[in-house]
Novice: 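Before I ask anything, let me first share the structure, which is written out below as structure tokens.
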Amino acid sequence: MSSLAVGKAETAAGTTPGTAQSRPPLRRRIALVPTITLLLGALYCLLPVAWVVIAATKSGSELFSTFTFLPGSGFADNLSDLSAYRDGVYWEWMGNSALYAGLGALLSTVVSAFSGYALAIYRFPGREALFNVLLAGVLMPPVILAIPQYLLLAKVDLTDSYLGVLLPQLLSPYGVYLSRIYAAAAVPADVVEAGRMDGAGEWRIFTRVALPMMVPGMVTVFLFQFVAIWNNFLLPYIMLSDDEKFPITLGLFTLLEQGANTPALYTLVITGAFLAVLPLVALFLVIQRFWSLDLLSGAVKS
């Protein structure tokens, strides 16, 4: 009896490979499913980016004759041809996109900060109804609003102008919504009341007390709005007819249309698309660093 018990103990202590105790636990294997799913999703999203990066290095002859993910040797020539195309109109498109996205995102962030703070701090009749209208605007696709915006701006002769693209971007329903949620969470009501008791005006309380607390949320609004305006295609397509005012999205579209008759322009379109992504990547990296530092400093101060 004792020898049988010893044998069972030795078998349990040193299980052989292939037994149930040597296999990974079921819970651990199930935990790998989200990781694998995220990796597949990342691969699905990054493959087109990798294709654009590699295709931008290929000359016109290499683009359709070499392996898809094999780098080429024509990036310098493509860049030179793109800069020389129509006396550098590509860089005018890039400058227009920087103007639309930079100024539009900045002004939209300011409007969102004012509106979100007012909706979060002040109590006035119709506040909730106004906020519900803004929520409806969040659910409204921008495609539906493009034609009414064009008709409204056409009444005041602002179509085919920089203002025709900038003005519709100033009010972002999602930016106002995010600003209100962030202001309600980041700006304590006691701090606002303390400022009032100290004799500070509402403008001073907002600029000196509330706004520094709202900076991380406003950085997020700026980033979202910048990316949305930079990638916007339909509104400039409807508003503008002068190609010298085109943003980069609309400019590349016209270049692609011409490439249907001139295949040599395909390399310019791909190289231009690759260069158009770089400002967004750089902005995200810069703002992400600032966002992280600001959140850390806020946690230390609190």
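Atoms considered below: every heavy atom in the structure, side chains included; atoms not considered: hydrogens, waters and symmetry mates. Given the structure is predicted, the values throughout are model-derived calculations rather than measurements.
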Novice: What's the shortest heavy-atom distance between P216 and M213, and which atoms?
Specialist: CD-O, 3.8 Å
Novice: Fit a plane to each ring of F222 and F226, take the angle between them on a 0 to 90° scale, and name the class: parallel (under 30°), tilted (30 to 60°) or perpendicular (over 60°).
Specialist: tilted
Novice: For atom CZ of R204, decide whether the heavy atoms of other residues, nucleotides or ligands shown that lie under 6.0 angstrom number more than 12.
Specialist: no
Novice: Provide the closest heavy-atom pair for A113 versus S179 in the form atom of the first, atom of the second, distance.
Specialist: N-OG, 4.0 Å
Novice: Test of understanding: clusters of I, L, V, M, F, W, Y form through side-chain heavy atoms closer than 4.5 Å, transitively. Do L235 and L152 belong to the same one?
Specialist: no
Novice: Taking all non-hydrogen atoms of both residues into account, name the closest pair between Q169 and N232 and its distance.
Specialist: NE2-ND2, 2.9 Å
Novice: Determine whether K245 and M239 make a side-chain contact, defined as any pair of heavy atoms from C-beta on separated by less than 4.5 Å.
Specialist: no
Novice: Less than 4.5 Å apart, any side-chain heavy atom of V221 and any of S172?
Specialist: no
Novice: Over all heavy atoms of both residues, which pair between P247 and L240 is shortest? Give the atoms and the distance, please.
Specialist: CD-CD1, 4.0 Å
Novice: Going by the angle between their ring planes, with limits at 30° and 60°, are F253 and F233 parallel, tilted or perpendicular?
Specialist: perpendicular
Novice: Just wondering, more than 12 heavy atoms not from R208 lying within 6.0 Å of its CZ?
Specialist: no
Novice: For F75, look at atom CZ and say whether over 12 heavy atoms of other residues, nucleotides or ligands are found less than 6.0 Å away.
Specialist: yes
Novice: Please evaluate residues V191 and V187 with respect to the criterion side-chain contact (heavy atoms from CB on, under 4.5 Å), reporting the C-alpha separation (whole Å), side-chain torsions for both, the decisive distance (0.1 Å), and the verdict.
Specialist: CA-CA 7 Å; V191 175; V187 183; 5.5 Å; no
Novice: In terms of hydrophobic clusters joined by side-chain contacts under 4.5 Å, are L278 and L252 together?
Specialist: yes
Novice: Under 6.0 Å from the CG atom of D87, do we count more than 12 heavy atoms belonging to anything else shown?
Specialist: no
Novice: Answer yes if the side chains of Q225 and T109 hold a donor-acceptor pair under 3.5 Å, and no otherwise.
Specialist: no
Novice: Mark yes when over 12 heavy atoms from residues, nucleotides or ligands other than F131 sit less than 6.0 Å from its CZ; otherwise mark no.
Specialist: yes
Novice: Please check: side-chain N/O of T57 versus main-chain N/O of I54, any donor-acceptor pairing under 3.5 Å?
Specialist: yes
Novice: For the atom pair CG (L275) and CG (L268), what is the distance rounded to the nearest 0.5 Å?
Specialist: 11.0 Å
Novice: Does P168 reach the side chain of L153, with side-chain heavy atoms less than 4.5 Å apart?
Specialist: yes
Novice: For the backbone of M94 and the side chain of S97, can you confirm whether one donor and one acceptor N or O come within less than 3.5 Å of each other?
Specialist: no
Novice: Membership question, hydrophobic clusters at under 4.5 Å side-chain separation (ILVMFWY): are F274 and L47 in the same one?
Specialist: yes
Novice: Are L167 and L158 packed together at the side-chain level, in the sense that at least one heavy-atom pair is separated by less than 4.5 angstrom?
Specialist: yes
Novice: Taking atom CD1 of I229 and atom OG1 of T249, what is their separation to the nearest 0.5 Å?
Specialist: 11.5 Å
Novice: Heavy-atom count check: over 12 atoms from other residues, nucleotides or ligands less than 6.0 Å from Y44 OH?
Specialist: no
Novice: Which pair of heavy atoms, one from L119 and one from R127, lies closest together, and at what distance?
Specialist: O-NH1, 2.9 Å
Novice: Do F124 and I121 sit in one hydrophobic cluster, given that two such residues count as connected whenever their side-chain heavy atoms are within less than 4.5 Å of each other, even indirectly?
Specialist: yes
Novice: Quick check: do Y85 and L265 have side-chain heavy atoms less than 4.5 Å from each other?
Specialist: yes
Novice: Would you mind checking if R196 and E202 are paired as a salt bridge, meaning a charged N to carboxylate O distance below 4.0 Å?
Specialist: yes
Novice: Passes side-chain contact (heavy atoms from CB on, under 4.5 Å), Y117 versus Y122? Steps please.
Specialist: CA-CA 8 Å; Y117 175 79; Y122 299 113; 3.9 Å; yes
Novice: Could you give the distance from CG (D81) to OG1 (T271), rounded to the nearest 0.5 Å?
Specialist: 8.5 Å
Novice: Got a donor-acceptor contact below 3.5 angstrom from the S83 side chain to the L79 backbone?
Specialist: yes
Novice: Grab the two heavy atoms, one from L166 and one from L99, that are nearest each other, plus how far apart they are.
Specialist: CD2-O, 4.2 Å
Novice: Can you find a heavy atom in the side chain of L151 that is under 4.5 Å from one in the side chain of K155?
Specialist: no
Novice: Contact between P34 and T37 at the side-chain level, heavy atoms closer than 4.5 Å - yes or no?
Specialist: no
Novice: Do V165 and N96 come within less than 4.5 Å of each other through their side chains, counting heavy atoms only?
Specialist: no
Novice: Quick check on the hydrophobic clustering: are W203 and V192 connected, directly or via other members, by side-chain heavy-atom contacts under 4.5 Å?
Specialist: yes
Novice: Could you tell me whether a side-chain N or O of W230 sits under 3.5 Å from a main-chain N or O of I248, the two making a donor and an acceptor?
Specialist: no
Novice: Hey, could you give me the CD/CH2 distance between E244 and W93, rounded to the nearest 0.5 Å?
Specialist: 10.5 Å
Novice: For A56, is there any backbone N or O sitting under 3.5 Å from a side-chain donor or acceptor partner on N78?
Specialist: yes
Novice: Between the side chain of Y90 and the main-chain N/O of G272, is any donor-acceptor distance below 3.5 Å?
Specialist: yes
Novice: Within this structure, what is the CG-CD1 distance for the pair L250 and I238, rounded to the nearest 0.5 Å?
Specialist: 11.0 Å
Novice: Over 60° means perpendicular and under 30° means parallel, so tell me whether F224 and Y174 are parallel, tilted or perpendicular.
Specialist: tilted
Novice: Can you tell me how far apart CG (L70) and NZ (K58) are? Round to the nearest 0.5 Å.
Specialist: 6.0 Å
Novice: Would you say the rings of Y100 and Y162 are close, in the sense that their centroids are separated by under 6.0 Å?
Specialist: yes
